[in-house]
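Okay, so here's the structure we're looking at.
Computation of the quantities below employed the complete heavy-atom set of this structure, encompassing side-chain atoms and omitting hydrogens, waters and symmetry-equivalent molecules. Quick caveat, the model's predicted, so the values are computed rather than measured.
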Amino acid sequence: MQIIRDIATLHRAIAALKQDGKSVALVPTMGALHDGHLSLVQMGRRVANHVVVSIFVNPTQFGPNEDFAAYPRDEARDAALLVDEGVSLLWAPDVGVMYPGGHSTHIEVAELGADYCGAARPGHFDGVATVVAKLFNQVRPDIAIFGEKDWQQLAIIRRMARDLDFGLDILGAPIARDPDGLALSSRNAYLSPAQRSAAIAFPNALKSAIAALANGGDMYETLAKAEAAIVAGGFDSVDYIALADADSLERLDSFRAPARLLAAARIGKTRLIDNYPVG
């Protein structure tokens, strides 16, 4: 596996991978890889000739009081996992390469980024859209793969790729979960043993809400019960829990397909997100 840190070398390496019409799938990550990330890599190997993984902890998507400095980093461990998965190239630029001096351009995907995590984390999705657009231009993949765990992010990236004519396929990979149902996340490493035990209240409450909605339950009553169950299970607060149109992310007053139940909650200093399809 090649490990590349400058753009000129990256472009030469990508051109070599694409010789004879071979295809490249990109899996963007911030490192601290877990089985969820590796499932994206495995999807990439099924749909393309080569997989390129990027590792870049993007400062522009972190707020001033968020965990940029503390975000887990272990490139050597991550690289070893990627070698085992047959990755062709690891793109690992530093901040100066990604945002050279004088960088002043950002991308905003209006409306899709305004609610949910966008409301709780102002500017977050502008940072995501900007760095992903740069990764698309740097790697020039045929396919890019993102996890469905951050459904809002996936919707934003799909819209951006379409609006800006990137001409690549955006694939969503199913959420990877621990055996008890908690969605895998690099931030799960922040949880104490007691918090990790309590965290199962989050997906359990969402699954109960989905069952109630599928059986015709009142949406507002169902979501209020789910929020109460999450807090009763040991969470400190719920940022949001909403039934949304799966494509436009519009909040729904009643169930109609395709819909997604979206939620974010805080336990201690850790903020977790999750979502499930409804119907």
Side-chain angles (χ1 to χ4, degrees), residues 14 23-33 36-44 46-48 51-63 71 91 93 98-99 103 105-176 183-187 240 242 244-250 258-260 262-264 273-277:
I14 293 295
S23 57
V24 168
L26 170 65
V27 178
T29 81
M30 294 204 301
L33 302 182
H37 296 110
L38 299 183
S39 73
L40 309 187
V41 172
Q42 291 154 11
M43 176 181 281
R46 293 194 296 271
V47 300
V51 177
V52 173
V53 173
S54 64
I55 292 179
F56 179 68
V57 183
N58 177 35
T60 67
Q61 68 189 69
F62 288 80
Y71 196 85
W91 171 227
M98 187 64 75
Y99 299 114
H103 185 277
T105 300
H106 76 273
I107 294 174
E108 176 189 2
V109 181
E111 297 181 0
L112 286 180
D115 203 348
Y116 314 118
C117 285
R121 304 177 68 189
H124 168 70
F125 286 119
D126 293 353
V128 170
T130 301
V131 78
V132 170
K134 290 177 70 67
L135 289 169
F136 288 172
N137 283 328
Q138 291 163 355
V139 178
R140 302 167 186 171
D142 303 286
I143 299 164
I145 303 173
F146 296 84
E148 291 183 351
K149 181 170 73 73
D150 194 333
W151 188 265
Q152 185 176 15
Q153 173 180 273
L154 178 59
I156 286 168
I157 290 167
R158 282 176 165 153
R159 179 70 60 84
M160 179 193 72
R162 183 171 70 245
D163 288 352
L164 299 184
D165 303 314
F166 275 106
L168 75 165
D169 292 327
I170 308 294
L171 302 184
I175 299 172
L184 298 186
S185 169
S186 299
R187 288 186 168 93
Y240 63 84
D245 181 278
D247 299 320
S248 70
L249 303 185
E250 174 191 1
R260 207 88 185 180
L262 310 174
I273 62 173
D274 204 346
N275 70 89
Y276 284 88

Worksheet item: Is any side-chain heavy atom of Leu249 closer than 4.5 Å to a side-chain heavy atom of Trp151?
Response: yes
Item to complete: Determine whether Leu26 and Phe136 make a side-chain contact, defined as any pair of heavy atoms from C-beta on separated by less than 4.5 Å.
Response: yes
Fill in: For the student: nearest non-hydrogen atoms of Ala48 and Ile143, plus distance
CB-CD1, 4.4 Å
Worksheet entry | Rounded distance (nearest 0.5 Å) linking atom CD1 of Ile156 with atom CZ of Arg159 | 9.5 Å
Discussion item. Counting C-beta onward and ignoring hydrogens, is there a side-chain heavy-atom pair between Met30 and Gln61 closer than 4.5 Å?
Written reply: yes
Worksheet item: To the nearest 0.5 Å, how far apart are CG in Asp274 and CD1 in Ile175?
Response: 5.0 Å
Worksheet item: Short question: side chain of Asn275, backbone of Glu148 - any donor-acceptor pair under 3.5 Å?
Response: yes
Fill in: Euclidean distance, Leu164 CG relative to Ile107 CD1, rounded to 0.5 Å
5.5 Å
Worksheet entry | OH on Tyr99 to CZ on Phe56, rounded to 0.5 Å | 5.5 Å
Worksheet item: Mind checking whether Gln138 and Leu135 have side chains closer than 4.5 Å, heavy atoms only?
Response: yes
Discussion item. So, taking the atom named CG in Leu168 and the one named CZ in Arg162, what distance separates them when rounded to the nearest 0.5 Å?
Written reply: 12.5 Å
Worksheet item: What are the two closest heavy atoms between Pro28 and Ser54, and how far apart are they?
Response: CA-OG, 3.1 Å
Practice prompt. Mark yes or no for whether Thr130, through its side chain, and Gly127, through its backbone, hold a donor-acceptor pair below 3.5 Å.
Written response: no
Worksheet item: Of the non-hydrogen atoms in Met43 and Pro174, which two are nearest, and what is the gap between them?
Response: CE-CD, 4.2 Å
Worksheet item: In terms of ring plane angle, is the pair Tyr71 and Phe62 parallel, tilted or perpendicular, where the classes change at 30° and 60°?
Response: perpendicular
Discussion item. When you compare the side chain of Asp150 with that of Val128, does any pair of heavy atoms fall below 4.5 Å?
Written reply: no
Worksheet item: Taking all non-hydrogen atoms of both residues, which atom of His37 and which atom of Ala32 are closest, and how far apart?
Response: CE1-O, 3.7 Å
Discussion item. I'd like to check His106 versus Thr60 (side-chain heavy atoms, cut-off strictly below 4.5 Å). Are they in contact?
Written reply: no
Discussion item. For Cys117, is there any backbone N or O sitting under 3.5 Å from a side-chain donor or acceptor partner on Gln152?
Written reply: yes
Worksheet item: Just by modelled atom types, is the Asp142 backbone N or O under 3.5 Å from a matching donor or acceptor in the Ser23 side chain?
Response: no
Item to complete: Give the minimum heavy-atom separation between Gly172 and Leu154, together with the two atoms involved.
Response: CA-CD2, 4.0 Å
Worksheet item: Does the side chain of Phe146 reach to within under 4.5 Å of the side chain of Ile170, using non-hydrogen atoms?
Response: yes
Discussion item. I need the Leu112 CG to Arg158 CZ distance, nearest 0.5 Å.
Written reply: 12.0 Å
Worksheet item: Any idea which heavy atoms bring Asn137 and Phe166 closest together, and the distance?
Response: OD1-CE2, 3.5 Å
